[in-house]
Protein chains: 2
Amino acid sequence: MAKLRGYESALPIALLRAREATMRRFKGHVDATGLTLPQWRVIRALADAGPLDARSLAERCVILPPSLTRIFRALEDKALIETIEAHDARRHTVQLTAAGQALYDRMSGRSEAIYRELEQAFGTENMAELLRLLTLLRETAEAMPTGDVDIIITK
Amino acid sequence: MAKLRGYESALPIALLRAREATMRRFKGHVDATGLTLPQWRVIRALADAGPLDARSLAERCVILPPSLTRIFRALEDKALIETIEAHDARRHTVQLTAAGQALYDRMSGRSEAIYRELEQAFGTENMAELLRLLTLLRETAEAMPTGDVDIIITK
DNA sequence: TATTGTTATACTCTATAACTATA
DNA sequence: TATAGTTATAGAGTATAACAATA
């Protein structure tokens, strides 16, 4: 049996470790808000895109629906988001409150500074290329058949 | 206050989403072993590098020490790893058992096939470049001062 | 009937501090 | 004294299935 590529260069692990090393730089900054990282992703996604429903947030923030339900509750308790009524009453759509937007605004300057520092050390071109490849990889993987298909077919 | 780069292109989020999309392809495969993803990372790291102590595994597998203690217990209960005595009795060093190696061998062929399929769709050059950049990013981030320094200094 | 979320439930991981053992 | 792990503990996320409400 052939040995797998070296552990260090296995793709999912390289992604995990790169993320861990990067996040470490932002972590204390997010901790200071009293939010967890998934909660912060929700705030940020809403700041970027405006009101979103649960499905969109679950996908963009990589959070499962049951977790998202709890996160909605936590963020509404903190008055950082609020539910708005949608045309389709099945959809749970939320948006930032003024307080949520203010929190985001306070954070964004510092986040940007951390990012610029990292970008400078890593190289502007490297960063641009990495972001391009990460997006392309995601789109490629999402476009591929799931691999569970054969199980479904054999039923 | 300047708006952050778009949510989609934020580095930690791009890393997370790329990993999620990639892992989805391997997930069912790992599930079939009855191991969790962190447990599987430990098996794989040991298969790649031979006996390792807790500190090395925690770092390579991105697992906190308390989690690792439990994972050692779970994998020893399954007889996939075993503890070996080290020169420094403080160190908890483990290695794969024959059963652990056999499990890894059974998995590696299928893992490699999934990887090749993804690599083909993504492009061999893209994959090589992405892995290079991920490693460089991690090394760059790890080499930078932690950013907590100013807090320490101000005390 | 299909879709959108929520609830229920069990398990694992995260995270921090305190503690034990060894060097 | 410093280091390596483990234990303790609280909390959050993961994951699946079952359910409720709406389309």
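Chain A is the first sequence line, chain B the second, and so forth, proteins listed ahead of strands; every chain is numbered from 1.
- Residues passing the side chain to side chain donor-acceptor pair (under 3.5 Å) test with B/Glu142, sequence neighbours excluded: none.
- Distance CD (B/Glu59) to C1' (D/dG5): 16 Å, rounded to an integer number of Å.
- Distance CZ (B/Arg91) to P (D/dT6): 12 Å, rounded to an integer number of Å.
- Sorted pairs that involve residues 62-87 of chain B and meet salt bridge (Lys or Arg N to Asp or Glu O under 4.0 Å), not counting sequence neighbours, are lacking altogether.
- With rounding to whole Å, B/Phe72 atom CZ is found 11 Å from D/dA4 atom C1'.
- Using a 4.0 Å cut-off on heavy atoms, the residues of residues 73-89 of chain A that approach DNA chain D are A/His87, A/Asp88, A/Ala89, listed by number.
- Between B/Asp53 atom CG and D/dG5 atom C1' there is a gap of 10 Å when expressed in whole angstrom units.
- At least one donor-acceptor pair closer than 3.5 Å links the side chain of A/Thr69 to the backbone N or O of A/Pro65.
- At least one side-chain nitrogen or oxygen of A/His92 sits closer than 4.0 Å to the OP1 or OP2 atom of C/dT6.
- Grouping Ile, Leu, Val, Met, Phe, Trp and Tyr by side-chain contacts under 4.5 Å, direct or through others, leaves A/Leu64 on its own.
- D/dA2 atom P lies 15 Å from atom CZ of B/Arg55, rounded to whole Å.
- Among residues at least two apart or in separate chains, salt bridge (Lys or Arg N to Asp or Glu O under 4.0 Å) pairs with a member in residues 89-100 of chain A are A/Asp53-A/Arg91, A/Asp88-A/Arg90, A/Asp88-A/Arg91.
- Partners of A/Ala74 according to the side-chain contact (heavy atoms from CB on, under 4.5 Å) rule, which considers only residues two or more places apart in sequence or in another chain, are A/Gln39.
- Residue A/Arg90 places a side-chain atom within donor-acceptor reach of the base of C/dT3, judged by atom type and a 3.5 Å distance cut-off alone.
- If you measure from atom CG of B/Leu57 to atom C1' of D/dG5, you get 13 Å, rounded to the nearest angstrom.
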Protein-nucleotides 12-14 of chain C N/O pairs closer than 3.5 Å?
from, atom 1, to, atom 2, distance (Å)
C/dC13, OP1, B/Thr36, OG1, 3.0
C/dT14, OP2, B/Ser67, OG, 3.4
C/dT14, O4, B/Arg70, NH2, 3.4

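- Among residues two or more places apart in sequence or in another chain, the side chain to side chain donor-acceptor pair (under 3.5 Å) test is passed with A/Arg132 by A/Glu129.
- Not counting sequence neighbours, the partners of B/Phe72 by the ring-ring contact (aromatic ring centres under 6.0 Å, His included) test are B/His92.
- Shortest non-hydrogen contact noted between A/Cys61 and B/Leu16 is O-CD2, 3.9 Å.
- Distance B/Leu16 CG to D/dG13 P: 13 Å, rounded to the nearest Å.
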